[in-house]
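Everything below concerns the one structure shown next.
What you see is a predicted model; the values in this text were computed from it and never measured. Computed over heavy atoms, backbone and side chain alike; hydrogens, waters and symmetry mates excluded. By convention in this document, chain letters (A, B, ...) are assigned in the order of the sequence lines, proteins followed by strands, and residues within each chain are numbered from 1.
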Number of protein chains: 2
Amino acid sequence: MSRTDEKTNWLNKTEMAAWISFIETIGDLQYSLDSDLRESSDMTSGDYQVLVYLSESPDRRTRMCDLAAQLNLTPSGLTRRLDGLVKEGSVTREVSNEDRRVQLAVLTPQGYRKLVAAAPLHVASVRHRFIDRLTTEQMKHLAAAFTSIREGLSE
Amino acid sequence: MSRTDEKTNWLNKTEMAAWISFIETIGDLQYSLDSDLRESSDMTSGDYQVLVYLSESPDRRTRMCDLAAQLNLTPSGLTRRLDGLVKEGSVTREVSNEDRRVQLAVLTPQGYRKLVAAAPLHVASVRHRFIDRLTTEQMKHLAAAFTSIREGLSE
DNA sequence: CCCATTTAGTTGCGCTCGCAACTATTGTGA
DNA sequence: TCACAATAGTTGCGAGCGCAACTAAATGGG
């Protein structure tokens, strides 16, 4: 990283303002969105992500490893998260008949109904907390900025 | 997703692009910054925040409750986080002589040295992952956008 | 065809942190 | 003054998740 400890390139005013506004906001924003989802639909945003991804997958099922990659979870983390969804009946596990190592996470009708009920409320929350605070121009700038950051991360 | 609910105000293309770019980026970004800090200075970003805040406080000490509010931690969460910092010698606890209920978290010389060593490397990481990916104009737009979002959260 | 390697997933363990209950101290109203 | 409320902090417990070790199944080089 930095090889010269003597002269650090500290952030200037503009850089600091961007950085501070970002880190001081994302925690509260995520907390608010999570609280909204918990209150309106009794689920965590993690569970919501699982249901969304499964609902968009062919036959409403995916391999565990694909799901883990999509959700940025380790295999063990995904196993535990699915345990909860299986117990409440939103998801079932099926062994793939093409590859007996893989478990398919399958969205149940009950899980789909839960997602359908939760989605409009979640969208309203995202609007209230995020979208409604931004102009169209700001949304376009923001999308460009974060896309740029994300591309930098994957080098 | 649900096409049967006509009352829901789903996100349009611009809104969706802003939202997706945001949520798909912040997880990876935080993970990268945390990994950098762990590798360069053997500390978590949570511990780093504590040291920064203490170093900027009068006499390098603060009341636990003020620290908890600043870091968005519950009292119990802060107690546990300080436990680690106390054990490694970066922070000590002192009972306030004005109010004997309050514990003061005090930054030790060793903790201060650790922060001074870590800060340039952390700034370099923030530059590499965040600042360097943005133009000056993007930084200004981003600061305005997140300030607006944060103000919305605190109503 | 076989055995080493790779891949998928689960489990034990540890870490972080929130909630509820608890102690200790300070503030307040009759 | 005294009882009760408010405030500061710690602890037991449990949820969520990463790491390392493990089993089981597929794959590939000889």
Study note, to complete from the structure: Against the side chain of Arg80(B), the closest entry in dT7(C), dG9(D), dC17(C) is dC17(C)

**Study point:** Close side-chain approach of Ile149(B) and Arg129(A), heavy atoms under 4.5 Å
**Key:** no

Check your understanding: dT7(D) phosphate, OP1 or OP2: any side-chain N/O from Arg63(B) under 4.0 angstrom?
Key -> no

Check your understanding: Starting at the 5' end of DNA chain C, which residue's closest nucleotide do you reach first, Leu78(B) or Met64(A)?
Key -> Met64(A)

Review point. Once you round it to whole Å, what is the distance between C1' of dA26(D) and CG of Asn97(A)?
Key: 15 Å

Exercise for review: Please name the pair of heavy atoms, one in Met139(A) and one in Leu134(A), separated by the smallest distance, quoted to 0.1 Å.
Suggested key: CE-O, 3.8 Å

Point to revise | Candidates dG9(C), dT10(C), dC13(D) - which lies nearest the side chain of Cys65(A) | key: dG9(C)

Study note, to complete from the structure: Per nearest nucleotide of DNA chain D, the residue lying toward the 5' end, Tyr31(B) or Thr44(A), is Thr44(A)

Check your understanding: Of Asp99(A) and Gly77(A), whose nearest nucleotide on DNA chain D comes first from the 5' end?
Key -> Gly77(A)

Check your understanding: Is the shortest heavy-atom distance from the side chain of Val91(A) to the side chain of Val106(A) under 4.5 Å?
Key -> no

Revision key, fill the gap. From the candidates dA25(D), dA8(D), dG12(C), the one with an atom nearest any side-chain atom of Ser76(A) is dG12(C)

Exercise for review: Please evaluate the base of dT7(C) for a donor-acceptor partner in the side chain of Arg101(A) within a cut-off of under 3.5 Å?
Suggested key: yes

Review point. Does Arg81(A) place a side-chain N or O at less than 4.0 Å from the phosphate oxygens OP1/OP2 of dC17(D)?
Key: yes

Check your understanding: Can you tell me how far C1' of dT16(C) sits from NZ of Lys87(B), to the nearest Å?
Key -> 13 Å

**Study point:** Sub-4.5 Å side-chain heavy-atom contact between Gln138(A) and Leu142(B)
**Key:** no

Check your understanding: Given atom CZ of Arg100(A) and atom C1' of dT7(C), what is their separation to the nearest angstrom?
Key -> 17 Å

Exercise for review: Find the distance Leu104(A):CG to dA25(D):P and express it as a whole number of Å.
Suggested key: 15 Å

Practice item. Describe the nucleic acid contact of Leu73(A) in one word from base, sugar-phosphate, nothing, applying a heavy-atom distance below 4.0 Å. Key: sugar-phosphate

Check your understanding: Just how far, in rounded Å, is C1' of dG9(C) from CD of Glu94(A)?
Key -> 16 Å

Exercise for review: Please work out whether the ring planes of Phe22(A) and Phe146(B) are parallel, tilted or perpendicular, with thresholds of 30° and 60°.
Suggested key: perpendicular

Practice item. Give the nucleotide from the list dT10(D), dT10(C), dA6(D) with an atom nearest to the side chain of Thr79(A). Key: dT10(C)

Check your understanding: Which whole-number value in Å describes the distance from Arg93(B) CZ to dT10(D) C1'?
Key -> 9 Å

Check your understanding: Quick one: Asp83(A) CG to dT11(C) C1', roughly how many Å, whole number?
Key -> 10 Å

Check your understanding: What is the distance, rounded to the nearest whole Å, between atom CG of Asp34(B) and atom P of dC17(C)?
Key -> 10 Å

